[in-house]
Structure formats: C-alpha cells, structure tokens
Amino acid sequence: MEANHSFFGFFAVLSISMKPVRIPDLRAMKATGTKIAVLTAYDATMARLLDRAGIDVILVGDSVGMVVLGFDNTIPVTLDMMIHHTRAVSRGARRALIVADMPFMTYQISPDEAIRSAGRLLQEGGAAAVKLEGGRAILDIVRRLTDYGIPVMGHLGLTPQSVHALGGFRQQAQDADSAARLLEDARALENAGAFAIVLESIPADLGCKVSSAIAVPTIGIGAGPHCDGQVLVSYDAFGLNDLSVPSFVRQYADLAGTIVDATRSYIDEVRSGSFPPGPTEK
Ligand code: KIV
C-alpha cells in the first residue's frame, strides 16, 4: 500500500514538475491558495538548479548589478547587461517562468522606447515577461506593453531604481497616506493589465491588505507572510552574498562558507603537491 502510494506520488510530482509554468498558472495558484515560489538567477547553472528543484518563477533581477557585478545599486545596469544575463538563464531553465527586469531608464522615457526595450528582453533574452518599477506614473507604459502582448509584472514599495529619491534601501509605506497610495497603485497596475505585483519592504499588514484587494498575485519580499508568493535574491537565500543582507532574508544555505572552505582545501593541496595526484594515485 505504502509502496503504491509512493509510486503514484512519484509520477504525480513528475507530471507537475515537467509542465512549464505559464502566466495564467500564477493567477490559478492565487485562486487555489497555492503560494508562488520565486528566486532570482543570473546565469544558466543557477537557473538549471532552481528549475530542477521546481521553482515556479525565475526573476532575472537588475539586482544582478549589485550581487554579481559589484555595483552599489541597480542604476548602472543596462539593457544589454540584462539581455546577456536573461539569455543565459533562458538556456538553463526549462520549466520555470522567466521574468526579466527592465533596467533604469529603459521604459520611463516613452512607451515606444519601453516597447522596444521589452521586445528585446523577450526576443533576444528569451524572457516570458518583464518587470517594471512604479505605480501610477507608469500606467500608460504598462497598458501599451500589455496591449502588445508583453506580460508585465509590477513592483511597488521599495523600488531600488529610486534609491536616491527614497533616501536609501528602507521600508516604505509606513504611514496611512503612503499605504493608501500604494494600495491605489496596486489597483491601478492591475487595471492596466499587470499579471502580478512585487511588493518590496512594506509592513506585513499592508502586504496582506493589498493581496486581498486585487485578483492578480502579489509576490512579497519583506512584505509579510500573506502575499500570494515570495521572492528572494538567490545569492542572499543561499548565503552566497557575504556582504550585508536585508533583515527579512532567511538563509537556506551557507554557500559562501562552503566555497571559502573548499578554496582553502584546494590551496592547501596545491601547495602540498597532493593535487593533482601522481600517475599511480587516484
Ligand atoms: O532585482 C531584483 O532582484 C528584484 C527583486 C528583489 C524583487 O527586483
């Protein structure tokens, strides 16, 4: 009995895990109360591993600028950099939905430029959707992109491309007025056609309120447990980032420690001559 159960369970998991995740699946997940798991990736190897584990969405975040390229913030990231990394992720992932960030000043100037930039992320990068930061200020752009069949994920709260205007990476919407504005922005993005909205660094009760006020899924990062899904920067989640990480991050591994230890072992063995082995050793 137990063996049969595991046998069918194995095939059930296999059939779920092989089916590519599409945009409408995310809305269905919200409707059935299935939480959506999202992580960032910037290269094919990480994308392949996340995909193998069954992640729903891979976000090629412009956080690539900070965690991979060593910038202080995401502003220096260009469209060509995002296309380069999105293309690598697309080569690695088979099942997960790939969403690519539109970098600073590639969508704000005009809807035409936004369409050109987003088109390149889909056509050259292989993304299925793009993510844009902002609320009411970008509604025309969101409408135009979705009219042209380019799926848009919104991003509200702490929007890192506005780090200078916000005065740093800090929690947003802490008072009643800014919380009400954020809720209105979320409704407006939904009406403009966004298929999901990232809520970054806002109070948990506001994350809960927004999630129940709109039909499209909310994906929280530092926005409490009531969002319809969660996203983390993979380098933070896996302990690969040995610089400071936001307080809401949970580390699921200590890859920085593992890599430093492995590197020390390698250095020791190279110095001592025990690596590589001689012709008669293994
Ligand atoms: O760039 C990024 O990784 C992001 C997530 C933190 C949501 O926008």
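Along the sequence shown, residues carry numbers from 1. Keep in mind that this is a model prediction, so the values were computed, not measured.
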Any residue meeting salt bridge (charged side-chain N to carboxylate O under 4.0 Å, His left out) with Asp228, in chain and number order, not counting sequence neighbours | Lys30

Taking only residues two or more places apart in sequence, or in another chain, which ones meet Asp25 in a side-chain contact (heavy atoms from CB on, under 4.5 Å)?
-> Lys19, Val21, Arg22

Evaluate the side chain to side chain contact (heavy atoms under 4.5 Å, CB included) criterion for residues Ser201 and Arg170: first the C-alpha distance (whole Å), next the side-chain angles of each, then the deciding distance (0.1 Å), finally the verdict.
-> CA-CA 7 Å; Ser201 275; Arg170 55 178 60 149; over 6 Å; no

Salt bridge between Asp51 and Arg94, side-chain N to carboxylate O under 4.0 Å?
-> no

Could you tell me which residues satisfy salt bridge (charged side-chain N to carboxylate O under 4.0 Å, His left out) with Asp112, sequence neighbours excluded, listed by chain and number?
-> Arg144

State whether the side chain of Gln230 and the backbone N or O of Ala223 hold a donor-acceptor pair below 3.5 Å, judged by distance alone.
-> no

Can you check salt bridge (Lys or Arg N to Asp or Glu O under 4.0 Å) on Glu184 and Arg187, steps first, answer last?
-> CA-CA 5 Å; Glu184 279 317 300; Arg187 288 197 171 112; 3.1 Å; yes

Does one side chain, of Ser178 or Asp175, offer a donor that lies under 3.5 Å from an acceptor on the other?
-> yes

What donor-acceptor contacts under 3.5 angstrom involve side-chain atoms of residues 116-126, with partners at least two apart or in another chain?
residue: Ser117; atom: OG; partner: Thr106; partner atom: O; Å: 2.7
residue: Ser117; atom: OG; partner: Glu113; partner atom: O; Å: 2.8
residue: Arg120; atom: NE; partner: Glu124; partner atom: OE2; Å: 2.7
residue: Arg120; atom: NH1; partner: Asp80; partner atom: OD1; Å: 3.3
residue: Arg120; atom: NH2; partner: Asp80; partner atom: OD1; Å: 3.1
residue: Arg120; atom: NH2; partner: Glu124; partner atom: OE1; Å: 3.2

Non-neighbouring partners of Arg136 that pass salt bridge (charged side-chain N to carboxylate O under 4.0 Å, His left out), sequence neighbours left out | Asp185

Got more than 12 heavy atoms from elsewhere within 6.0 Å of NZ, Lys35?
-> yes

With side chains defined as the heavy atoms from C-beta onward, is the minimum distance between Pro160 and His155 less than 4.5 Å?
-> yes

Under 3.5 Å, sequence neighbours excluded: what are the donor-acceptor pairs made by side chains of residues 61-69?
residue: Asp62; atom: OD2; partner: Gln161; partner atom: NE2; Å: 2.7
residue: Ser63; atom: OG; partner: Tyr42; partner atom: OH; Å: 2.7

Counting heavy atoms not belonging to Phe169, are there more than 12 under 6.0 Å from its CZ?
-> yes

